[in-house]
Amino acid sequence: MESMSVGAEFMRTFDVQLAQSQKQKDAVFYIRHQVYCDELSWEARQQTQLERDEYDNHSIHCLLQHKPSKQYVGCIRLIIPSPHSSLTLPSQDQYGGYLKTSLLLPLLQSGTLSECSRLALLPEVRRQNNNSYRRGEASTLLQLTHQHTQLMSVSLYFCCIALAKAHQCRGTLLLANSKLTKHLKMLGLTLTRLSEDIEHRGCRAVYHFDTHEFKAQQLRSDVLSDLYQAVERRLSQQLNNTELACELS
């Protein structure tokens, strides 16, 4: 009997979902509040325990669900400004003075740009690889393997790539520190630096990734290629059954 592929095995334990209902979107905002407000204190705590901003109405939100527990454990968003809106991307709004115009302008002229942001994984999920984590702090999530915890954030970045391609975005921007960019490059992604150093909760920079030309085969291993294709298939199924693409305004 042929062994199950890594992508298929991962998708047996997890599901990537487009956040379409208000309940799903609130799950996204709740996870973000847990991480960005409660844990990191990067954003102000809200009484609603939901972390939101002005870009959310122009975003496609994705959730990562742990199937055995039915718990949402992670999220990410892809911001795609509507051609009918004056909204620009966060990197343009907040760090325009740091961007290298000679590199950015050709990208803006080549077609729609998107931006990947607000990746968050629940603290109790990430702590499973931390020696200080106490076994009593979680229930069924303790069944996660080391490979699962490594692939969870990767699968969420793959969600953004797949969605950007599905919406024919010419490229995707990302604000990242050196550790994240090194990690993404190790996966096989080609990143172009568009800015000077930015002091934002540590040293970061704005990068561009050519989602339009991306192919799964450029990833560094069959495991990654297989996982990307599994994520892409799952999101494609959902996009084919929804009018989400027409709802961005």
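Any value given below was found using the heavy atoms of this structure, including those in side chains, with hydrogens, waters and symmetry copies removed. All figures in this text were calculated on a predicted structure; none of them were measured in a lab.
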Practice task
Decide, yes or no, whether a salt bridge links K165 with D210 under the criterion of side-chain N to carboxylate O below 4.0 Å.
Solution key: no
Exercise for the section: Could you pull out the closest heavy-atom pair between T181 and A176, with the gap in Å? Expected result: CG2-CB, 3.7 Å
Handout entry: Residue Y36 excluded, over 12 heavy atoms near OH under 6.0 Å
Key = yes
Practice task
State whether the number of non-hydrogen atoms from other residues, nucleotides or ligands found under 6.0 Å of Q168 atom CD is greater than 12.
Solution key: no
Problem - Donor-acceptor side-chain pairing of H66 and Y72 below 3.5 angstrom - result: no
Exercise for the section: For the residue pair F10 and S155, establish whether any side-chain heavy-atom pair is separated by less than 4.5 Å. Expected result: yes
Practice task
Would you check if L63 and V16 make a side-chain contact, meaning some heavy-atom pair closer than 4.5 Å?
Solution key: no
Practice task
Establish, yes or no, whether a centroid distance under 6.0 Å links the rings of F214 and Y228.
Solution key: yes
Problem - Linked, directly or transitively: V35 and F14 (ILVMFWY side chains, under 4.5 Å) - result: no
Practice task
Report the C-alpha distance between E51 and Y30 in whole Å, list the side-chain angles of each, state the deciding distance to 0.1 Å, and finish with yes or no for side-chain contact (heavy atoms from CB on, under 4.5 Å).
Solution key: CA-CA 7 Å; E51 191 277 315; Y30 176 75; over 6 Å; no
Practice task
State plainly whether one hydrophobic cluster holds both L194 and L175, where clusters connect Ile, Leu, Val, Met, Phe, Trp and Tyr through side-chain heavy atoms under 4.5 angstrom apart.
Solution key: yes
Handout entry: Shared hydrophobic cluster for L121 and L227 (ILVMFWY, side-chain gaps under 4.5 Å)
Key = yes
Handout entry: Stepwise salt bridge (charged side-chain N to carboxylate O under 4.0 Å, His left out) check, E43 with R52
Key = CA-CA 10 Å; E43 303 292 347; R52 292 177 286 200; over 6 Å; no
Handout entry: Close side-chain approach of R204 and N177, heavy atoms under 4.5 Å
Key = yes
Problem - Reported OG-to-CG distance for the pair S114 and L174, which is rounded to 0.5 angstrom - result: 10.5 Å
Exercise for the section: Assess whether atom NZ of K182 is packed by more than 12 heavy atoms of other residues, nucleotides or ligands within 6.0 Å. Expected result: no
Exercise for the section: Could you walk me through whether D56 and R32 pass salt bridge (charged side-chain N to carboxylate O under 4.0 Å, His left out), step by step? Expected result: CA-CA 12 Å; D56 285 321; R32 282 168 33 180; 2.9 Å; yes
Practice task
Report yes if the side chains of R201 and L40 come closer than 4.5 Å at any heavy-atom pair, otherwise no.
Solution key: no
Practice task
Compare all side-chain heavy atoms of H208 with those of L173 and state whether any distance is below 4.5 angstrom.
Solution key: yes
Problem - From CG (L224) to CE (M186), nearest 0.5 Å - result: 10.0 Å
Exercise for the section: Determine, using the 4.5 Å side-chain heavy-atom cutoff (strictly less than), whether L180 and L119 are members of one ILVMFWY cluster. Expected result: yes
Handout entry: Which atom of A164 lies closest to which atom of T172, heavy atoms considered
Key = CB-OG1, 3.6 Å
Handout entry: Pair Q229, S225: side-chain N/O donor-acceptor within cut-off below 3.5 Å
Key = yes
Problem - Q46 (side chain) donor-acceptor with A44 (main chain) under 3.5 angstrom - result: yes
Exercise for the section: For side-chain contact (heavy atoms from CB on, under 4.5 Å), just list the numbers for I79 and S117, CA-CA rounded to whole Å, side-chain angles, deciding distance to a tenth of an Å, and then say yes or no. Expected result: CA-CA 8 Å; I79 306 167; S117 70; 3.7 Å; yes
Exercise for the section: For the pair R118 and D53, find out whether any cationic side-chain nitrogen is under 4.0 Å from an anionic carboxylate oxygen. Expected result: yes
Handout entry: Shortest non-hydrogen separation from L99 to S195 and the atoms involved
Key = CD2-CB, 3.9 Å
Problem - Distance, nearest 0.5 Å, that separates CD of Q24 from CG of L18 - result: 8.0 Å
Practice task
Assess the pair F29 and H61: is the distance between their ring centroids shorter than 6.0 Å?
Solution key: yes
Problem - Distance (rounded to the nearest 0.5 Å) between L78 CG and C116 SG - result: 6.5 Å
Exercise for the section: Check the pair D38, R45 against side-chain contact (heavy atoms from CB on, under 4.5 Å), reporting the backbone distance first and the verdict last. Expected result: CA-CA 7 Å; D38 291 339; R45 288 185 173 89; 3.1 Å; yes
Completion exercise
Minimal heavy-atom distance between T190 and F209, with the atoms involved, is O-CD1, 3.2 Å
Problem - Interatomic distance, D15 atom CG to M11 atom CE [nearest 0.5 angstrom] - result: 5.5 Å
Practice task
List the steps, then state whether side-chain contact (heavy atoms from CB on, under 4.5 Å) holds for F158 with L219.
Solution key: CA-CA 11 Å; F158 284 173; L219 294 168; 3.8 Å; yes
Handout entry: Side chain proximity check, P81 to T88, heavy atoms < 4.5 angstrom
Key = no
Practice task
Using the six-membered ring of Y55, assess whether NZ or CZ of R77 lies under 6.0 Å from its centre and within 45 degrees of the ring axis.
Solution key: no
Problem - Rounded distance [0.5 Å steps], CG in D26 versus CD in Q49 - result: 12.0 Å
Exercise for the section: Using a 4.5 Å cut-off on heavy atoms from C-beta on, say whether the side chain of L108 contacts that of L104. Expected result: yes
Exercise for the section: Answer with yes or no whether the side chains of E39 and Q34 bring together a donor and an acceptor at under 3.5 Å. Expected result: no
Problem - Side-chain heavy-atom pair I80, S59 within 4.5 angstrom cut-off - result: no
Practice task
Provide the closest heavy-atom pair for L235 versus A162 in the form atom of the first, atom of the second, distance.
Solution key: CD1-CB, 4.2 Å
Practice task
Without swapping roles, check the side chain of N240 against the backbone of S236 for a donor-acceptor pair under 3.5 Å.
Solution key: yes
Handout entry: Single-linkage hydrophobic cluster, 4.5 Å side-chain cutoff, W42 and I31 together
Key = no
Problem - For Q17 against Q65, the heavy-atom pair lying closest together - result: NE2-OE1, 2.9 Å
